[in-house]
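Chain A is the first sequence line, chain B the second, and so forth, proteins listed ahead of strands; every chain is numbered from 1.
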2 protein chains.
Amino acid sequence: MQLSELLKQKREKKQLLMREVASLVDVDTAIISKIEKGDRRPTKEQLLKYATALDIDYNKLLTLWYSDKIYHEIKEESLALKILKVAEKRIKQELKNT
Amino acid sequence: MQLSELLKQKREKKQLLMREVASLVDVDTAIISKIEKGDRRPTKEQLLKYATALDIDYNKLLTLWYSDKIYHEIKEESLALKILKVAEKRIKQELKNT
DNA sequence: CTTATATTTGACATATTCTGACAAGAATTA
DNA sequence: TAATTCTTGTCAGAATATGTCAAATATAAG
C-alpha cells in the first residue's frame with residue numbers, strides 16, 4: 001500500500017470531499033489531488049494534520065512517507081536492494097553504539 | 001565503511017594530495033576536504049570521476065553514496081528499520097512486475 | 001442536455017536545499 | 001619560521017520542492 005492510495009482510501013471511507021480534506025490539512029485542493037495521485041508528497045507538517053483529519057496512525061503515515069521517498073530515489077538503480085541492505089547495516093550499527 | 005572514509009583511505013593509499021584528487025575530480029580542494037569529512041556528498045558526476053581517479057569500483061561507490069544519503073534521511077527516526085523494510089518490499093514488488 | 005460541483009492538470013511564483021567559489025584560519029611539514 | 005596542506009565559514013547561483021492560481025476535464029444532479 002502506497003501513501004497516496006491510503007490517503008485516498010481513507011478519505012473516501014469517511015466520505016469527505018477533497019475540498020474538505022484540503023481545509024483540514026490547510027492546503028489547496030489541487031495539492032490534495034496531486035498527493036492522492038502520487039504526483040506530490042505531503043510535507044511532514046501536512047502529514048501530521050492528515051493523520052488527525054483522517055484518523056490514521058501517524059507512525060504508519062510516516063513510515064510510508066519515508067519509504068515512498070526512498071523508493072523514488074533508488075527505483076531506477078539495479079543496485080537498489082543492495083543499497084537498502086547497506087543502509088540497514090549502518091542503522092543497525094548505529095543502534096548498537098548507543 | 002562509509003563513503004567518506006573509503007575515499008580518504010584510497011587517496012592516502014595512492015599517496016595523493018587533496019589538491020591532486022581535486023584536480024582529477026575537477027573540483028575545489030575545499031570540496032574534497034568536506035567530502036572526506038563527510039560534510040558533503042559528491043555529486044554523481046564527481047563520483048564517477050572519483051572511481052577512475054582512485055581506481056575504485058563505481059558500483060561500490062554508488063552503493064555507498066545512496067546508502068549514505070538514505071542513512072542521513074532516516075537516522076533520527078525510531079522507525080528507521082521499519083522504513084527500510086517497507087521500501088524493500090516495494091522494490092521487490094516492482095521487480096516482480098517486470 | 002445543461003448546469004453545478006468536484007477533480008485534475010499545467011504554468012508560474014516562491015521557498016528551500018544543494019553546490020561551487022573563495023578567502024581566511026588551523027594544522028602539518030620542511 | 002616559512003611553505004604547504006588541509007579545514008572551515010560565508011555567500012551567490014543552481015537545482016529542487018512546494019504553493020498558488022486558473023483553465024480544462026470529469027462527474028453528478030436536475
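Taking only distance into account, the side chain of A:Lys34 never meets the base of D:dG19 through a donor-acceptor pair shorter than 3.5 Å.
Atom OH of B:Tyr50 and atom CG of B:Leu61 lie 9.5 Å apart (nearest 0.5 Å).
Not counting sequence neighbours, B:Asp28 has no partner by the salt bridge (charged side-chain N to carboxylate O under 4.0 Å, His left out) test. B:Lys44 pairs by the salt bridge (charged side-chain N to carboxylate O under 4.0 Å, His left out) definition with A:Glu77, not counting sequence neighbours. When the salt bridge (charged side-chain N to carboxylate O under 4.0 Å, His left out) test is applied to B:Asp39, no partner is found at least two apart in sequence or on another chain. Every residue two or more places apart in sequence or in another chain that forms a side chain to side chain donor-acceptor pair (under 3.5 Å) with A:Lys92 is listed here: A:Glu88. Applying the salt bridge (charged side-chain N to carboxylate O under 4.0 Å, His left out) test to A:Lys37 and every residue at least two apart in sequence or in another chain returns nothing.
Once you apply a 4.0 Å limit to the heavy atoms of chain A, the touched nucleotides of DNA chain C run 5' to 3' over C:dA6 to C:dA11.
Cluster annotation: A:Ile31 and A:Leu17 are assigned to distinct hydrophobic clusters (Ile/Leu/Val/Met/Phe/Trp/Tyr, side-chain heavy-atom contacts under 4.5 Å, transitive).
Rounded to 10°, the angle separating the first-five-pair axis and the last-five-pair axis of the helix from C:dC1-D:dG30 to C:dA30-D:dT1 equals 30°.
Pairs of residues two or more places apart, or lying in two chains, that qualify as side-chain hydrogen bond (donor to acceptor under 3.5 Å, both in side chains) and include a residue from residues 8-21 of chain A are A:Arg11-A:Glu36. Note on residues 54-76 of chain B: pairs passing salt bridge (charged side-chain N to carboxylate O under 4.0 Å, His left out), not counting sequence neighbours, are A:Arg90-B:Asp68.
Within residues 8-19 of chain B, the residues having any heavy atom under 4.0 Å from DNA chain D are, by residue number, B:Arg11, B:Leu17, B:Met18, B:Arg19. Within residues 38-51 of chain B, the residues that have a heavy atom under 4.0 Å from DNA chain C are, in order of number, B:Arg40, B:Thr43, B:Gln46.
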Give me the distances for all protein-to-nucleotides 22-28 of chain D N/O pairs that come in under 3.5 Å?
none

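Within a 6.0 Å sphere centred on CD of B:Glu5, heavy atoms belonging to other residues, nucleotides or ligands number more than 12. Other residues, nucleotides and ligands place more than 12 heavy atoms under 6.0 Å from the NZ atom of B:Lys49. Shown here is A:Gln2, whose CD atom has more than 12 heavy atoms of other residues, nucleotides or ligands within 6.0 Å.
Side-chain atoms of B:Trp65 come within 3.5 Å of backbone N or O of B:Pro42 as a donor-acceptor pair. Within the 3.5 Å criterion, the main-chain N or O of A:Ile83 finds a donor-acceptor partner in the side chain of B:Ser67.
Under 4.0 angstrom from either OP1 or OP2 of D:dC6 there lies no side-chain N or O belonging to B:Ser33.
B:Leu79 places none of its side-chain heavy atoms less than 4.5 Å from the side chain of B:Ile74.
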